[in-house]
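Atoms within a ligand are numbered from 1 in the order they appear, just like the ligands themselves.
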Amino acid sequence: MATVPYEDLEVLYTRQQIAARVAEMGAEITRDLKGEKLVMVGVLKGAAPFLADLARTVDVDATFDFVATSSYGKGLRSSGAVKLIKDLDEPIEGKNVLVVEDILDTGLTLAYLRKLLLQQRPKTLRIAALLDKPSRRIEKIEADYVGFSIPNLFVIGYGMDYAERYRNLPDICLMTPDHPE
Ligand code: IMP
């Protein structure tokens with residue numbers, strides 16, 4: 001059996017802490033929607049576990065759609081240029097849209113996506129980010145719902161990767177420079 005050396009990783013948020021916070025976010029989103037329908041737009045791939053969990057705490061009539069962006073770079077830092085590599089399947093005009101993202105970091109990705117999605121004239125466009133790193137922001141953008149605000153740390157797990165690995169860790173862990181590749 002292939003194993004990943006998880007034991008030496010420092011846990012930042014446990015699966016229980018994540019579940020509790022996600023449930024609070026879902027309750028807040030439910031209240032804000034006042035019974036209206038919702039389109040949840042996940043940003044692939046990192047937001048997939050968060051979207052799956054959040055969706056099950058949101059008590060409204062919801063559908064899913066997904067977009068994917070690429071930021072020209074695979075390591076710890078992106079190069080800045082964002083492009084769309086997978087568009088929405090369905091039009092969102094007149095709909096309540098919730099963009100679901102794993103981390104709001106520099107803001108380049110969400111600023112780009114927000115501009116693109118607003119061109120379709122949704123009824124409302126809100127953003128849910130599980131993690132927020134405000135000190136890294138380049139674009140002026142805030143999420144409407146934030147799970148945890150964190151300092152400038154590189155995290156992995158619960159959807160978040162380092163070079164495509166570690167997305168399946170159930171906890172959010174710290175990626176330390178000396179961790180074995
Ligand atoms: P932004 O465009 O700089 O806000 O970056 C957003 C994307 O960068 C996130 O959706 C993640 O894919 C990636 N990212 C930023 N910080 C981290 C991190 O600490 N761990 C893993 N991925 C990250």
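By the side-chain contact (heavy atoms from CB on, under 4.5 Å) test, Pro134 is found to be paired with Asp132, Ser149, residues two or more places apart in sequence or in another chain being considered.
Heavy-atom contacts from other residues, nucleotides or ligands closer than 6.0 Å to NZ of Lys123 number 12 or fewer.
One distance of note links CG of Leu84 with OG1 of Thr109; it measures 11.0 Å at 0.5 Å rounding.
Applying the salt bridge (Lys or Arg N to Asp or Glu O under 4.0 Å) rule to pairs touching residues 53-62 yields Asp53-Arg56, sequence neighbours excluded.
Heavy-atom separations between Lys133 and ligand 1 include at least one value shorter than 4.0 Å. Residue contact annotation: Leu153 has a non-hydrogen atom under 4.0 Å from ligand 1.
Between Leu104 and ligand 1, a contact under 3.5 Å exists for no N or O pair.
In summary, Lys45 and Glu164 engage in a salt bridge, as defined by a charged side-chain N under 4.0 Å from a carboxylate O. For the pair Arg137 and Glu142, the salt-bridge criterion is met [side-chain N within less than 4.0 Å of a carboxylate O]. Under the 4.0 Å criterion applied to side-chain N and carboxylate O atoms, Glu24 and Arg21 are assigned as salt-bridge partners.
Counting atoms of ligand 1 from 1 in the listed order, those under 4.0 Å from a heavy atom of Gly107 are 1 (P), 3 (O), 4 (O). Close approach to Thr109 involves these atoms of ligand 1, each under 4.0 Å from a residue heavy atom: 1 (P), 2 (O), 5 (O), 6 (C). The ligand atoms of ligand 1 that sit less than 4.0 angstrom from a heavy atom of Asp161 are 21 (C). Against a heavy-atom cut-off of under 4.0 Å, Ile103 is close to the following atoms of ligand 1: 6 (C), 9 (C), 10 (O), 16 (N), 17 (C), 18 (C), 19 (O), 20 (N), 23 (C). The ligand atoms of ligand 1 that sit less than 4.0 angstrom from a heavy atom of Asp102 are 9 (C), 10 (O), 11 (C), 12 (O). Of all atoms in ligand 1, listed by their number and element, those nearer than 4.0 Å to a heavy atom of Glu101 are 10 (O).
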